[in-house]
Amino acid sequence: MKKLTKKMNALFITVMVITFLGIIITALSYHNIQQEALKMGKTQLEQVNEVSTKLIVAEVASSANDLDSFIIDTVDASVPLQLPQQNDLLSQFFKRNSAFAGIFLFDKTGQELEHHFASEDATVNNELADKAKQDPFFSNALKGQVTQNGKAYFINQNSFFNLYHPIYNAKKESVGLVVVPLNLEQLFLAKIQPTDTDQRYPLMKNEKMEVVMHPAKEQVGLNIITGRQKKFPNLDYTDLERLDRYQKQHEKGSLSYHSYWWNESNLTSVLKLNAFQWVKIGEERFVIANTSDFYQDNGWILHDLLINLGLVVILLMVASLLVLMARLNARQQQVANENQHLKDKRQLESEKHQLEKRLLQESKMETIGLVTTGIVHDMNNFLTPLLGNIELLMTEYKDDPELFEDLKDMHFAAKKGQQLSQRILHFSKEQDQIKKVQSLTAAVTEAIAVMKILIPRSVTIKADIELAADALFQQDDVQVLLYNLITNAYQARADATITVSLTTPSAAMQEKIANQAIIYQNKNLAMIQVSDNGPGIDQSIQDQIFTPFLTTRKEEGGTGLGLFVVSSIIKRNSWLLEVTSSTAGTCFSLIIPIIKKEDTLNS
């Protein structure tokens, strides 16, 4: 019994040590995954901030263009300077852009000739009138030496800067200046503010680190450190001061820090991610940043790891109780219990491992679906005004054949981009796919034409359409298939030559298909082939190419979802796909049943 007791004690100590090591390893894994999640979150936020920066710059430039168009159309420099006297013209000017707060006209000496305001707020209008000439770039603007706008200033928790339009006579001499205060906070709320502003939003600050654009209007005009310290003196600003120093020392970047959501009533410290970029707008430099809540965006990863840590602790307690109970049993019973325990433990770990893999995979897919849907929705919003403006230009320049053809190409590409975004939104949602009998030849031809516009010029696409056929399918499916296969081909080689063919399968191929799938026997078939002269698929991963997230281009931002999408569409339609690859190139062969027109009429 003493010998047995020593063995039980040794076993107990061994289990304790192994479990303790498991806790340490899990804790280390938690830390590593958190760091990786931070890195991934920063990368994604930098991409979002890049879009926000371009959007803000574009909206300011659009406002300046509105001013230029209005002055060119309505102000005559050959007569005594005056703004248009018809009240409806000025009203239309202010309605055109809700961020226009007023308009001032000065002669070349800086003497104010007249002014008009968008609102009837006398307090704001008086301050606008006082600050119209206080911009340090006003004197240069009178000489026509200012690009677009001057410095930012604040009135009643609103931020402004002056848009300038110098007026020249026929001799190109400056005879006057039009100044329009642009309400930056109003521009932000009307054109830039996202819908999910609770834990993710863009903001803009000037060189003094004073907030110029922010979802919480009470933050406008505050210095991010000193201004907030006056308003909230009891908060910890250590990390915010680190952010302030980092942004002043770098042109662009990203980092994590602890701060507060200033639009909440109960301010509590949270871990934020911040991506920023300095940009010059007119004569002023601004830092445009996007901020997000790290745990809201990545908490599911850390939550899973905490569950794992808890399971390890539970296993420690269970193992300890089992060993203590085993010490009270006879030797044979103890050995049997121990063996059973080890079997159960191995089975539990195997099941837990499979469950964790499945949950992680589903979480990734859900997260990517949400992010993709948001980005595609925003992209669709950007394409809508672009299409409208191109259509206006096509109407205006329809007498210029060469320019009109270029505009038609731009309109076609933008329209296809909008349709593609809709398809991605449809693909991300669970819904019944509507199939109909339609021209397979037209769908393939259209997809090739669109891809020729979208791919780099160094890539050549050859079309070999030998078959005119109809089939039962959803047009989006065929085009998404070709988009992904062509994209996969030219990303493998920058100067790739890609051939897309639509033919009837050879007799040998038809026999092979009939042996593989009984349902395809005695059916008319079409074969779409996408072949390239790339380096081919590595033999070690050829059996895994349709696995989601498997990519050999992580450094270039590959997601590993293109061929997974192709595989999903193939399975959903019960089509056949064959892949052959070597160092001379890769060929994807897609087999689709076709329907003759007489069969359609008879049915």
Side-chain angles (χ1 to χ4, degrees), residues 55-107 112-129 131-133 135 141 144 146-150 152-153 155-156 158-169 174-193 213 281-282 381-398 407:
L55 176 61
I56 291 173
V57 173
E59 288 295 342
V60 174
S62 175
S63 299
N65 290 337
D66 288 343
L67 170 60
D68 294 342
S69 300
F70 177 76
I71 299 303
I72 291 172
D73 292 342
T74 60
V75 176
D76 187 0
S78 63
V79 298
L81 286 179
Q82 63 177 1
L83 293 172
Q85 299 305 301
Q86 299 92 330
N87 291 333
D88 58 334
L89 287 179
L90 286 173
S91 298
Q92 291 174 13
F93 172 71
F94 290 126
K95 289 179 180 179
R96 182 184 302 180
N97 192 324
S98 61
F100 289 156
I103 185 168
F104 296 82
L105 178 64
F106 297 90
D107 63 18
E112 182 182 326
L113 300 179
E114 61 177 295
H115 63 254
H116 303 273
F117 298 104
S119 74
E120 298 180 358
D121 190 332
T123 303
V124 174
N125 293 341
N126 290 336
E127 290 201 47
L128 286 173
K131 293 189 176 183
K133 298 173 63 175
D135 185 354
V146 170
T147 303
Q148 188 174 279
N149 59 268
Y153 55 90
I155 300 174
N156 290 353
N158 279 284
S159 54
F160 301 83
F161 60 44
N162 294 335
L163 292 176
Y164 293 112
H165 182 95
I167 302 174
Y168 301 96
N169 59 20
S174 177
V175 296
L177 177 69
V178 174
V179 179
V180 171
L182 184 69
N183 190 325
L184 299 176
E185 179 65 8
Q186 178 62 34
L187 184 71
F188 175 79
L189 296 176
K191 299 293 184 67
I192 300 164
Q193 182 181 22
M213 292 182 178
I281 302 179
N381 290 340
F382 302 155
L383 287 172
T384 299
L386 177 63
L387 284 166
N389 288 324
I390 292 176
E391 291 169 357
L392 291 175
L393 288 172
M394 291 172 67
T395 303
E396 184 175 354
Y397 293 100
K398 62 183 179 181
L407 290 171

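Please read all numbers here as calculations on a predicted model, not as lab measurements.
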Item checked: Asn162 vs Tyr153 side-chain heavy atoms within contact, under 4.5 Å -> yes

Notebook entry, point to check: Rounded to the nearest 0.5 Å, how far apart are OG1 of Thr384 and CG of Asn389?
Noted result: 11.0 Å

Margin query: Is there a side-chain contact (heavy atoms from CB on, under 4.5 Å) between Leu182 and Asn149? Walk through the geometry before answering.
Written below: CA-CA 9 Å; Leu182 184 69; Asn149 59 268; over 6 Å; no

Item checked: Heavy-atom pair with the smallest gap, counting every atom of Phe104 and Pro181 -> CE1-CG, 3.8 Å

Check: Going from CD1 on Ile71 to OG1 on Thr74, what distance comes out if it is rounded to the nearest 0.5 angstrom?
Finding: 5.0 Å

Checklist line | Taking every non-hydrogen atom, the tightest pair across Ala101 and Phe94 | finding: C-CE2, 4.4 Å

Next item on the list: Using a 4.5 Å cut-off on heavy atoms from C-beta on, say whether the side chain of Leu105 contacts that of Ile167.
Entry: yes

Check: Hey, are the side chains of His165 and Val180 touching, using non-hydrogen atoms and a 4.5 Å cut-off?
Finding: no

Next item on the list: May I have the step-by-step check of side-chain contact (heavy atoms from CB on, under 4.5 Å) for Tyr164 and Val179, ending in yes or no?
Entry: CA-CA 5 Å; Tyr164 293 112; Val179 179; 3.6 Å; yes

Checklist line | Stepwise side-chain contact (heavy atoms from CB on, under 4.5 Å) check, Gln148 with Leu163 | finding: CA-CA 6 Å; Gln148 188 174 279; Leu163 292 176; 4.2 Å; yes

Notebook entry, point to check: Between CD of Glu59 and CG of Leu55, what distance do you get to the nearest 0.5 Å?
Noted result: 5.0 Å

Note to self: For Asn156 and Glu127: C-alpha separation, side-chain torsions, deciding distance, then whether side-chain contact (heavy atoms from CB on, under 4.5 Å) applies.
What the structure shows: CA-CA 10 Å; Asn156 290 353; Glu127 290 201 47; 4.1 Å; yes

Checklist line | Nearest heavy-atom neighbours spanning Ala129 and Phe117 | finding: CB-CZ, 4.4 Å

Notebook entry, point to check: Minimum heavy-atom separation for Gln82 to Glu114, with atom names?
Noted result: CA-OE2, 3.3 Å

Check: Near Tyr397 OH, under 6.0 Å, is it more than 12 heavy atoms from other residues, nucleotides or ligands?
Finding: no

Note to self: Any heavy-atom pair between the side chains of Phe106 and Leu113 that's under 4.5 Å?
What the structure shows: no

Notebook entry, point to check: Closest approach of Phe70 and Pro84, non-hydrogen atoms and distance?
Noted result: CZ-CG, 3.5 Å

Check: Can you tell me how far the CG atom of Leu407 sits from the OG1 atom of Thr395, to the nearest 0.5 Å?
Finding: 10.0 Å

Notebook entry, point to check: Of all heavy-atom pairs between Ser69 and Arg96, which one has the smallest distance, and what is that distance?
Noted result: CB-NH1, 4.2 Å

Notebook entry, point to check: What is the distance from atom CG of Leu128 to atom CD1 of Ile155, rounded to the nearest 0.5 Å?
Noted result: 4.0 Å

Notebook entry, point to check: Roughly how far apart are Leu89 CG and Asp73 CG, rounded to 0.5 Å?
Noted result: 10.0 Å

